[in-house]
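In listed order, ligands and their atoms are each counted from 1.
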Amino acid sequence: MSNTLKPFHTFGIDVSAQHIVIADSAADIVSAWQSAQSAQQPALIVGEGSNLLFLDDFSGTVILNRIEGIRIEEDSNNWLLHVGAGENWHHLVEFTLQQGIPGLENLALIPGCVGSSPIQNIGAYGREIKDVCAYVDCINLQTSEVFRLNAEQCQFAYRDSIFKHEYKDRVAIVAVGFQLPKQWVPLITYGDLTQLAKDSVTPQQIFDAVCHMRRTKLPDPAIQGNAGSFFKNPVVDTLTTETLIQHYPTIPHYPQLDGSVKLAAGWLIDQCGLKGSRVGGAAVHQKQALVLVNDDNATSEDVVRLAHKVRQLVGEKFNVWLEPEVRFIGRQGEVSAVETIA
Ligand code: NAP
C-alpha cells in the first residue's frame, strides 16, 4: 500500500511513501525507524517538509516528527525556552512575542517546524538559529540514547550544521533549547527594516515588517507549492568578486567575517532574465527569482530541469555555479542535489 505525501511537503508534488508514521515522542520515532530497518526499507524523518524536493515515490517509511511542548524558564539575564521538535516554527515566534519574549521576530513566517531549524541553521533578515540556540536534544536512532549538543557542538555555518553531516541519518532531533537575552537589541540592518527608528522600534514592529516583506515577496506554499529559497547564496573569494564588480558594477555583495564575499543568488538569476521562466508545471517565481514554484501540477522532473537551466545560465554568465539549498530525496533517501541538477 502506498500513501500520498502531498500534504506533508510544501512543494506539493504528487509522490507517495510505502508508510507514513506520525510520531508524537522520541520513542515513536525510534520504533518506526527500527521497524523500517528490520524490514530493510529506508526511513526518512520529516518535519513539515518545507525544504525538500521528492524526486520519486519513497520506497520506505516517512516519519513525521510531531513532538510538542513549549517550556519557558528564566534566569536573571535570559529567557530560556525548551521546545518540542514538532512545534510549528512561526507559531513559536508568535507565541514568544505574546509572552513578552523578544528575539525571534526577524525569523517570522519561516515555514517548517522547530526541530528542522537547526539542521540548516535557518536564517532571515540578519538573524540565524545559531545566534539564539542554546542546545539541541537528540536521540540516537540505533541505541535510543538521548543526548544534548550545545550550540558550538552543532557546528553551525551558513545553512549548515553537524546534522547534515556526521549525524545525518543517525539521530532524530527531539527538542531545541533557546536562550533569548532579556536585554533586547533590535536587528534592523536588512531591507525595509532599515527604515525603522533605531531608538524606539519594538519587537512587534520588526515582526510586522518581516511578515509584510515575506507576504509581499514570497509565494505562500498553501497556494503555490515551493520550498523557499531553492538555491544557496553563493560565497566567493575577493578576487572573483572584484572581477564581477568590474563587469557588473551594481552586483549586490556582502563581505563576510572570514574574508569571503556572499552574493545574492536571486539577483544573479534575475539578471539572466529568468523570472517567470518555466519548464512544464515548474516556474521561477515572478517576484523572487530565488524561489522555484510548483505553478501547475509540476513533476519533480520539471523542477530538476528548471533548476538545471537556472544553474547553467547563471554559471555561463557569471562563472558562479549555484547549489541547491533544498534537499533532494530519491526512492531510497537523500541524494546529491548538486549532482542531480548539474
Ligand atoms: P534580499 O533582501 O533581496 O537580499 C538578497 C540576499 O542578500 C539575501 O538572501 C541576503 O543573504 C543578502 N543580504 C541582503 N541584505 C543584506 C545585509 N544587510 N547584510 C548581509 N546580507 C544581506 O533577500 P530576500 O530574498 O528578500 O530574503 C530576505 C531574508 O530572508 C534573507 O535573509 C533570506 O536569506 C531570508 N529568506 C530565506 C529563505 C529560505 O528559504 N532559506 C527564503 C526567503 C527568505 P542571507 O540569505 O544570507 O541573509
Side-chain angles (χ1 to χ4, degrees), residues 9-11 47-53 89-90 93 104-113 116-132 156-161 164 186-196 198 206-221 224-236 241 244 248 250-271 274-275 284-294 303 307 310 314 318 320 322-328 337:
H9 70 120
T10 59
F11 237 122
E48 294 180 12
S50 58
N51 196 40
L52 299 180
L53 177 66
W89 175 265
H90 181 68
V93 177
L104 299 180
E105 55 283 343
N106 292 56
L107 300 171
L109 275 188
I110 296 184
C113 61
S116 312
S117 64
I119 299 176
Q120 70 150 350
N121 180 25
I122 60 168
Y125 304 102
R127 176 71 78 214
E128 287 183 330
I129 281 290
K130 74 167 173 46
D131 309 323
V132 289
F156 290 125
Y158 178 58
R159 303 291 183 266
D160 201 23
S161 72
K164 282 191 174 180
L187 192 50
I188 49 173
T189 52
Y190 269 58
D192 292 356
L193 300 183
T194 56
Q195 316 290 320
L196 296 168
K198 205 167 81 199
I206 295 179
F207 173 89
D208 291 343
V210 168
C211 289
H212 178 74
M213 282 190 281
R214 292 191 75 107
R215 287 200 171 107
T216 41
K217 230 168 140 182
L218 293 166
D220 178 352
Q224 201 176 31
N226 72 86
S229 301
F230 195 90
F231 297 98
K232 293 182 202 169
N233 287 321
V235 177
V236 299
T241 313
L244 284 166
Y248 308 98
T250 59
I251 187 170
H253 57 285
Y254 302 95
Q256 305 295 288
L257 290 174
D258 63 3
S260 62
V261 181
K262 184 178 66 186
L263 306 175
W267 187 88
L268 301 175
I269 299 168
D270 197 12
Q271 292 302 301
L274 282 162
K275 267 186 186 159
V284 178
H285 187 51
Q286 285 283 4
K287 292 191 191 143
Q288 169 50 288
L290 195 48
V291 180
L292 303 190
V293 293
N294 177 356
V303 180
V310 169
V314 169
F318 297 104
V320 171
L322 298 178
E323 297 188 1
E325 180 179 302
V326 172
R327 304 177 78 174
F328 286 22

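- At a heavy-atom distance under 4.0 Å, no atom of Asn51 approaches ligand 1.
- Every atom of ligand 1 with a heavy atom of Gln288 under 4.0 Å away is listed here by number and element: 24 (P), 25 (O), 26 (O).
- For Gln120, no nitrogen or oxygen atom sits less than 3.5 Å from a nitrogen or oxygen atom of ligand 1, counting backbone and side chain alike.
- Looking only at heavy atoms of the protein, atom 19 (N) of ligand 1 is closest to Tyr190 CE1, 3.4 Å.
- Of the options Pro252, Gly126, Ser229, the smallest heavy-atom separation from atom 38 (C) of ligand 1 is shown by Ser229.
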> Passes side chain to side chain contact (heavy atoms under 4.5 Å, CB included), Gln120 versus Asn51? Steps please.
Replying inline: CA-CA 9 Å; Gln120 70 150 350; Asn51 196 40; 3.7 Å; yes

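- The backbone N or O of Tyr158 lies less than 3.5 Å from no partner atom in the side chain of Asn121, so there is not a single donor-acceptor pair.
- For atom 36 (N) of ligand 1, the nearest non-hydrogen atom of the protein is Arg214 NH1, 4.1 Å.
- Scanning all heavy atoms of the two residues, the minimum distance from Pro219 to Val291 falls at CG-CG1, 3.8 Å.
- Between Trp267 and Phe318, the ring planes are tilted. Angles from 30° to 60° get that label.
- The shortest non-hydrogen separation linking Val284 to Ala289 is CG1-O, 3.5 Å.
- Of the options Lys262, Met213, Gln256, His253, the smallest heavy-atom separation from atom 11 (O) of ligand 1 is shown by Lys262.
- Nearest heavy-atom pair across Leu109 and His90 is N-ND1, 2.8 Å.
- Atom numbering of ligand 1 starts at 1 in the shown order; those under 4.0 Å from a heavy atom of Leu218 are 43 (C).
- In this comparison of Ala264, Pro111, Gly228, the heavy atom closest to atom 6 (C) of ligand 1 sits on Ala264.
- You'll find the side chain of Leu244 reaches within 4.5 Å of the side chain of Val320, heavy atoms only.
- Evaluated by nearest non-hydrogen atom to atom 13 (N) of ligand 1, the leading choice among Phe230, Tyr125, Tyr254 is Tyr254.
- Annotation for ligand 1: atoms under 4.0 Å from non-hydrogen atoms of Gly123 are 34 (O), 35 (C), 37 (C).
- Of the possible donor and acceptor atoms, one in the side chain of Asn233 sits under 3.5 Å from a partner among the backbone N and O of Ala265.
- Interface atoms of ligand 1 facing Arg159, defined by a heavy-atom separation under 4.0 Å, are 34 (O), 41 (N), 46 (O).
- For atom 24 (P) of ligand 1, the nearest protein heavy atom lies under 4.0 Å away.
- Of all protein heavy atoms, the one closest to atom 18 (N) of ligand 1 is Thr189 O, 3.2 Å.
- The two residues Leu52 and His9 have their closest heavy-atom pair at O-ND1, 4.5 Å.
- Numbered from 1 in the order shown, with element, the atoms of ligand 1 that lie under 4.0 Å from a heavy atom of Glu325 read 39 (C), 40 (O), 41 (N).
- With hydrogens and angles ignored, the 3.5 Å screen pairs no side-chain donor or acceptor of Ser161 with any backbone N or O of Phe156.
- The two residues Ile269 and Phe231 come nearest to each other via the heavy atoms CD1-CD1, 3.9 Å.
- Atoms of ligand 1 found under 4.0 Å from any heavy atom of Ala124, numbered from 1 in the order shown, are 30 (O), 32 (O), 35 (C).
- In terms of protein heavy-atom proximity, atom 1 (P) of ligand 1 is nearest to Lys217 NZ, 4.0 Å.
- Nearest heavy atom pair, residue Leu193 against residue Ala209, reads CD2-CB, 3.7 Å.
- Remark: distances from the non-hydrogen atoms of Tyr158 to ligand 1 include one below 4.0 Å.
- When hydrogens are left out, the protein atom nearest atom 46 (O) of ligand 1 is Asn233 ND2, 3.0 Å; that is the closest non-hydrogen contact.
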